[in-house]
Amino acid sequence: AQVLVESGGGSVQAGGSLTLSCAASGYIGSGYCVAWFRQAPGKEREGVAGIDVNGRTTIAASVKGRFTASKDKAVDTLYLHGNNLKPEDTAMYYCAARPGSCAMLSRLYNNWGQGTQVTVSS
């Protein structure tokens, strides 16, 4: 079965680091892009980072230089690593999957996890 389950969220001080995990059973290595999105209260859902089946990584300009993504095929897991976190990184972070390339538009994804909350305090 194809399942997306996020974990690793929590509270962190500004300037700190966090790693989120997405268990992406049935997606990694199966022709899908698996990506991270985030949504802050009152804001639209925005793409953060994604990795396609060929290992190409897409990182949003808003987090480039602070966030990276990686995947481990052996355990069907996608990771999001955030450094130098800022209060504006506070959001619900979602894992999503779509066939093919990693377009950072949420409307192009039909498969979503439940999300994990990240709160960055100043």
Side-chain angles (χ1 to χ4, degrees):
Q2 294 178 316
V3 179
L4 296 166
V5 180
E6 305 91 338
S7 62
S11 297
V12 62
Q13 294 277 342
S17 301
L18 202 64
T19 294
L20 304 181
S21 300
C22 171
S25 178
Y27 289 108
I28 290 181
S30 300
Y32 283 80
C33 162
V34 186
W36 287 99
F37 287 80
R38 67 184 183 183
Q39 188 166 21
K43 295 191 175 181
E44 292 188 359
R45 192 167 295 191
E46 66 167 342
V48 180
I51 301 180
D52 70 15
V53 66
N54 296 312
R56 284 186 293 259
T57 303
T58 301
I59 304 287
S62 60
V63 299
K64 194 166 287 186
R66 298 189 301 116
F67 284 50
T68 60
S70 64
K71 67 178 179 181
D72 186 339
K73 288 184 185 178
V75 292
D76 283 344
T77 300
L78 176 74
Y79 302 97
L80 181 69
H81 313 278
N83 297 307
N84 190 23
L85 291 171
K86 303 176 181 181
E88 51 264 42
D89 295 317
T90 295
M92 184 71 80
Y93 283 71
Y94 297 92
C95 188
R98 70 181 295 268
S101 64
C102 289
M104 292 282 102
L105 294 172
S106 60
R107 60 180 170 82
L108 298 178
Y109 291 74
N110 291 324
N111 307 288
W112 292 88
Q114 294 301 305
T116 186
Q117 177 69 37
V118 172
T119 302
V120 183
S121 57
S122 58

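Quick note: numbers below take in every heavy atom, side chains included, and nothing from hydrogens, waters or symmetry partners.
- A donor-acceptor pair is defined here as one N or O able to donate and one able to accept, closer than 3.5 Å; no such pair exists between the side chain of Thr19 and the backbone of His81.
- Residues Leu105 and Trp112 share a single hydrophobic cluster, defined by chaining ILVMFWY side chains whose heavy atoms lie under 4.5 Å apart.
- Taking every heavy atom of both residues into account, Leu18 and Gly9 meet most closely at CD2-CA, 4.5 Å.
- Checked against Lys71 for a side-chain contact (heavy atoms from CB on, under 4.5 Å), the options Thr57, Ile51, Asp76, Asp52 give a single hit: Ile51.
- Hydrophobic clustering (side-chain heavy atoms under 4.5 Å, transitive across Ile, Leu, Val, Met, Phe, Trp, Tyr) keeps Tyr79 apart from Leu20.
- Considering every non-hydrogen atom in both Ala103 and Leu108, the closest pair reads CB-CD1, 3.4 Å.
- In the hydrophobic clustering of this structure, Val118 groups with Ile59; members are Ile, Leu, Val, Met, Phe, Trp, Tyr whose side-chain heavy atoms approach within less than 4.5 Å, directly or through other members.
- Annotation: the span from Cys33 atom SG to Ile28 atom CD1 amounts to 10.0 Å, rounded to 0.5 Å.
- Nearest heavy atom pair, residue Ala14 against residue Ser122, reads CB-CA, 4.2 Å.
- In this structure, the side chain of Asn111 engages the main chain of Ala97 through a donor-acceptor pair within 3.5 Å.
- Note that the CZ atom of Arg45 and the CZ atom of Arg107 stand 14.5 Å from one another [nearest 0.5 Å].
- Looking only at distances, no side-chain donor or acceptor of Glu6 sits under 3.5 Å from a matching main-chain atom of Thr116.
- Distance alone, capped at 3.5 Å, places no donor-acceptor pair between the Asn54 side chain and the Arg56 backbone.
- Partner of Tyr94 under the side-chain contact (heavy atoms from CB on, under 4.5 Å) criterion, chosen from Arg38, Gln114, Gln39: Gln39.
- When all heavy atoms of Gln117 and Met92 are compared, the pair lying nearest together is N-SD, 3.5 Å.
- Classified by interplanar angle (parallel below 30°, tilted 30° to 60°, perpendicular above 60°), the ring pair Tyr109/Phe37 is perpendicular.
- Atoms OG and CZ, on Ser17 and Phe67 in that order, are 9.5 Å from each other to the nearest 0.5 Å.
- Closest approach of Gly50 to Cys102, counting heavy atoms only: C-SG, 3.7 Å.
- Residue Thr77 holds its OG1 atom at 14.0 Å from OH of Tyr27, rounded to the nearest 0.5 Å.
- The cluster map of Ile, Leu, Val, Met, Phe, Trp and Tyr, joined by side-chain heavy atoms under 4.5 Å apart, puts Val53 and Val34 in different clusters.
- Residues Ser62 and Glu46 come closest through the heavy atom pair OG-OE1, 3.9 Å.
- Note: the hydrophobic cluster containing Leu80 also contains Val12 (ILVMFWY, side chain heavy atoms under 4.5 Å, direct or indirect links).
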